[in-house]
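No experiment lies behind these values; they were computed from the predicted model shown. Positions are given from 1 along the sequence.
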Amino acid sequence: IPVVNGTSALHLALISLNVSRNHEVLIPSLNFIASANVARYLGAIPHFIDSEKNTFGVDSIKLEKYLKKNSTIKNNTCINKKTRRIIKAIITTHIFGHPTKIDKIIKIAKRFKLKVIEDASEGLGSFFNGKHVGTFADVGTLSFNGNKIITTGGGGAILTNNLNIAKTIKH
């Protein structure tokens, strides 16, 4: 689904996954400001997860430790023990074309009832286990800004195999 830019792609991805006011969104500590901004646009609270040394993306080991320590599952929903807010989603970013360990992140997300957004803005053309990054999660996002691999001076795209998510985004 074409959009005006990568930030809009992330914003619409969160909307399509029903992220709203006071939800918490996990994002990598090494990241462009757009991920935190789009969470704030919706009144959600971004929480930063440590990045991995080899891929620069979300560290799946630290993510799992964070969620085990700080959350509980109640009524099929991940709840932050301290804030009592719903932890709704995680945005993982493929930094500088280095794919994150997306398989591990998705496995952890499923266990903790989180939705996953892949920011593949810097990963266009990169593969993980023979598959393009941006195509593993509930929603993938791309940017075609002037500093990206494919540039149109602006623009972006949203990738999803979920018809309901696509309909929500198009609406």
Side-chain angles (χ1 to χ4, degrees), residues 1-52 55-60 63 66 78 80 83 85-102 105-106 109 114-128 131-171:
I1 303 165
V3 293
V4 69
N5 56 37
T7 302
S8 292
L10 288 168
H11 188 202
L12 288 168
L14 286 177
I15 290 170
S16 75
L17 298 176
N18 298 312
V19 173
S20 61
R21 181 164 301 286
N22 292 321
H23 285 157
E24 295 180 3
V25 178
L26 307 177
I27 62 176
S29 56
L30 178 61
N31 204 351
F32 183 64
I33 193 67
S35 296
N37 282 347
V38 296
R40 296 302 302 148
Y41 294 163
L42 298 172
I45 297 99
H47 282 259
F48 296 91
I49 302 297
D50 283 334
S51 295
E52 183 183 61
T55 67
F56 307 115
V58 169
D59 186 317
S60 59
L63 171 64
Y66 175 87
C78 188
N80 183 318
T83 66
R85 292 186 184 112
I86 295 171
I87 304 173
K88 190 77 171 194
I90 180 166
I91 299 173
T92 185
T93 306
H94 303 288
I95 303 285
F96 306 133
H98 299 287
T100 62
K101 295 178 181 169
I102 190 66
I105 292 167
I106 288 174
L114 302 176
K115 297 294 183 179
V116 181
I117 298 168
E118 274 182 275
D119 181 348
S121 295
E122 293 186 10
L124 189 62
S126 296
F127 291 85
F128 182 81
K131 188 175 171 184
H132 281 283
V133 297
T135 62
F136 289 87
D138 297 291
V139 181
T141 64
L142 301 173
S143 171
F144 306 128
N145 194 27
N147 62 337
K148 299 300 188 269
I149 295 161
I150 293 178
T151 180
T152 59
I158 299 170
L159 311 171
T160 186
N161 287 326
N162 183 307
L163 189 57
N164 290 329
I165 289 172
K167 284 181 182 179
T168 298
I169 290 168
K170 289 177 182 178
H171 180 71

At their closest point, which heavy atom of [X] faces which heavy atom of [Y], and how far apart are they?
| X | Y | answer |
| --- | --- | --- |
| Gly134 | Leu159 | O-CD1, 3.5 Å |
| Arg85 | Asn22 | CD-O, 2.9 Å |
| Leu17 | Lys88 | O-CE, 3.3 Å |
| Val25 | Ala44 | CG2-CB, 4.1 Å |
| Ala36 | Phe48 | CB-CZ, 4.3 Å |
| Ile169 | Ser16 | CG1-CB, 3.7 Å |

With sequence neighbours excluded, give me every side-chain hydrogen bond (donor to acceptor under 3.5 Å, both in side chains) pair touching residues 28-38.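 Checked against side-chain hydrogen bond (donor to acceptor under 3.5 Å, both in side chains) - neighbours excluded - the pairs reaching residues 28-38 are Ser29-Ser51, Asn31-Ser35, Asn31-Thr93.
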Taking atom types as modelled, find out whether Asn162 and Thr160 have a side-chain donor-acceptor pair closer than 3.5 angstrom. no
Looking at [atom1] of [X] and [atom2] of [Y], how far apart are the two atoms once the value is rounded to the nearest 0.5 Å?
| X | Y | atom1 | atom2 | answer |
| --- | --- | --- | --- | --- |
| Ile102 | Thr135 | CD1 | OG1 | 9.5 Å |
| Ile165 | Ile15 | CD1 | CD1 | 13.0 Å |
| Leu142 | His94 | CG | NE2 | 10.0 Å |
| Ile27 | Ile91 | CD1 | CD1 | 6.5 Å |
| Ile105 | Leu114 | CD1 | CG | 11.5 Å |
| Ile33 | Arg40 | CD1 | CZ | 11.0 Å |

Output yes when a side-chain donor or acceptor of [X] lies under 3.5 Å from a complementary backbone atom of [Y], and no otherwise.
| X | Y | value |
| --- | --- | --- |
| Ser121 | Ser143 | yes |
| His23 | Ser20 | yes |
| Asp138 | Val116 | yes |

Passes side chain to side chain contact (heavy atoms under 4.5 Å, CB included), Thr100 versus Phe136? Steps please. CA-CA 11 Å; Thr100 62; Phe136 289 87; over 6 Å; no
Under 30°, 30 to 60°, or over 60°: which ring-plane class applies to His132 and Phe127, parallel, tilted or perpendicular?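 His132 and Phe127: tilted rings.
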Taking the side chain as C-beta and beyond, is there a heavy-atom pair between Leu10 and Phe32 under 4.5 Å? no
Who passes side chain to side chain contact (heavy atoms under 4.5 Å, CB included) against His47, sequence neighbours left out? Glu24, Leu26, Ile45, Tyr66, Asn80
Would you sort out whether Lys115 and Leu14 count as a side chain to side chain contact (heavy atoms under 4.5 Å, CB included), showing the intermediate values? CA-CA 9 Å; Lys115 297 294 183 179; Leu14 286 177; over 6 Å; no
